[in-house]
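Input: a single structure, listed below in structure tokens.
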Amino acid sequence: MSNDTPTEALNVPAEDGSTAVADAPAPADTVRAVVQANGVLVPAQSLGATSSTRLSLGTYQVCFNVVVTRGTYLATVGLPGNIGTPPTGEITVTGRAGTNNCLFLQTFNSAGALADRSFHVVVVR
């Protein structure tokens with residue numbers, strides 16, 4: 001059995017319908033969410049995310065249409081869209097207690113205090 005990737009697997013459709021050559025295809029069961037600082041989900045930049053909620057200052061819940069408990073979570077402070085300068089800060093992410101399809105996230109300013117920040121989160125399952 002070979003580890004070689006077939007040439008056709010390298011042709012990954014882009015969101016605009018064009019085909020781009022990538023190093024490797026994206027996993028079929030990767031889900032993602034882009035969330036505004038007020039907790040509103042940005043559907044145009046999200047895939048598989050069903051809801052997002054600002055629970056309190058700098059504290060959020062993001063839910064997906066798949067089980068995420070065995071996934072790898074990657075999160076970063078970032079703006080919705082593709083332009084602008086995001087605020088500085090940090091973010092933490094873990095599974096949400098009591099559910100198997102939601103994440104619990106907290107965002108902080110650079111001094112370490114809870115602060116509302118927009119963010120991007122990806123779950124690779």
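Positions are given from 1 along the sequence. None of these values were measured; they are calculated from a predicted model.
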Legend entry - side-chain hydrogen bond (donor to acceptor under 3.5 Å, both in side chains) partners for Glu90, two or more places apart: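 Partners of Glu90 under the side-chain hydrogen bond (donor to acceptor under 3.5 Å, both in side chains) test: none.
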Inset, instruction - Not counting sequence neighbours, which residues clear side chain to side chain contact (heavy atoms under 4.5 Å, CB included) with Thr107? List them please. - result: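 With sequence neighbours excluded, Thr107 shows a side chain to side chain contact (heavy atoms under 4.5 Å, CB included) to Tyr60, Ile91, Arg117, Phe119, given in chain and number order.
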Heavy-atom closest contact ([X] atom, [Y] atom, distance):
X: Ala49; Y: Ala33; value: CB-CB, 3.8 Å
X: Val123; Y: Gly71; value: CG1-CA, 4.2 Å
X: Pro43; Y: Leu41; value: CD-O, 3.0 Å

Inset, instruction - Applying salt bridge (Lys or Arg N to Asp or Glu O under 4.0 Å), name anything that partners Arg54, two or more places apart in sequence or on another chain. - result: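 Partners of Arg54 under the salt bridge (Lys or Arg N to Asp or Glu O under 4.0 Å) test: Asp116.
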Legend entry - Partner of Thr50 by side chain to side chain contact (heavy atoms under 4.5 Å, CB included), out of Val31, Asn65, Val66: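 Exactly one candidate clears the test, Asn65.
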Legend entry - Sequence neighbours excluded - ring pair (Phe, Tyr, Trp, His ring centres under 6.0 Å) pairs with any residue from residues 77-97: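 Listed once each, the pairs would be none.
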Anything under 3.5 Å between a donor and an acceptor, one on a side chain of residues 96-106, the other on a protein residue two or more places apart or in another chain? List them.
residue, atom, partner, partner atom, Å
Arg96, NE, Gln61, OE1, 2.7
Thr99, OG1, Asn101, N, 3.3
Thr99, OG1, Asn101, OD1, 2.6
Asn101, ND2, Phe64, O, 2.8
Gln106, NE2, Thr59, OG1, 3.2

Inset, instruction - State, with a plain yes or no, whether a side-chain heavy atom of His120 is found less than 4.5 Å away from one of Val122. - result: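 Heavy-atom side-chain distance check fails, nothing below 4.5 Å.
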Inset, instruction - Taking Ser46 for its side chain and Val34 for its backbone only, find out whether a donor-acceptor pair lies under 3.5 Å. - result: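 Here the side-chain-to-backbone pair exists.
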Inset, instruction - Find out if a path of hydrophobic residues (ILVMFWY) with successive side-chain heavy-atom gaps under 4.5 Å connects Leu47 to Val42. - result: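 No, it is not one cluster - the side chains of Leu47 and Val42 are not joined through contacts under 4.5 Å.
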Contacts under 3.5 angstrom, residues 75-87 side chains, donor-acceptor by atom type, not counting sequence neighbours:
none

Inset, instruction - Linking directly or through intermediates, with side-chain heavy atoms under 4.5 Å: list the remaining ILVMFWY members grouped with Leu114, chain and number order. - result: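 Listed partners: Leu57, Phe108.
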Inset, instruction - Give every residue pair that meets the salt bridge (Lys or Arg N to Asp or Glu O under 4.0 Å) criterion with at least one member in residues 55-72, sequence neighbours excluded. - result: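 Found none.
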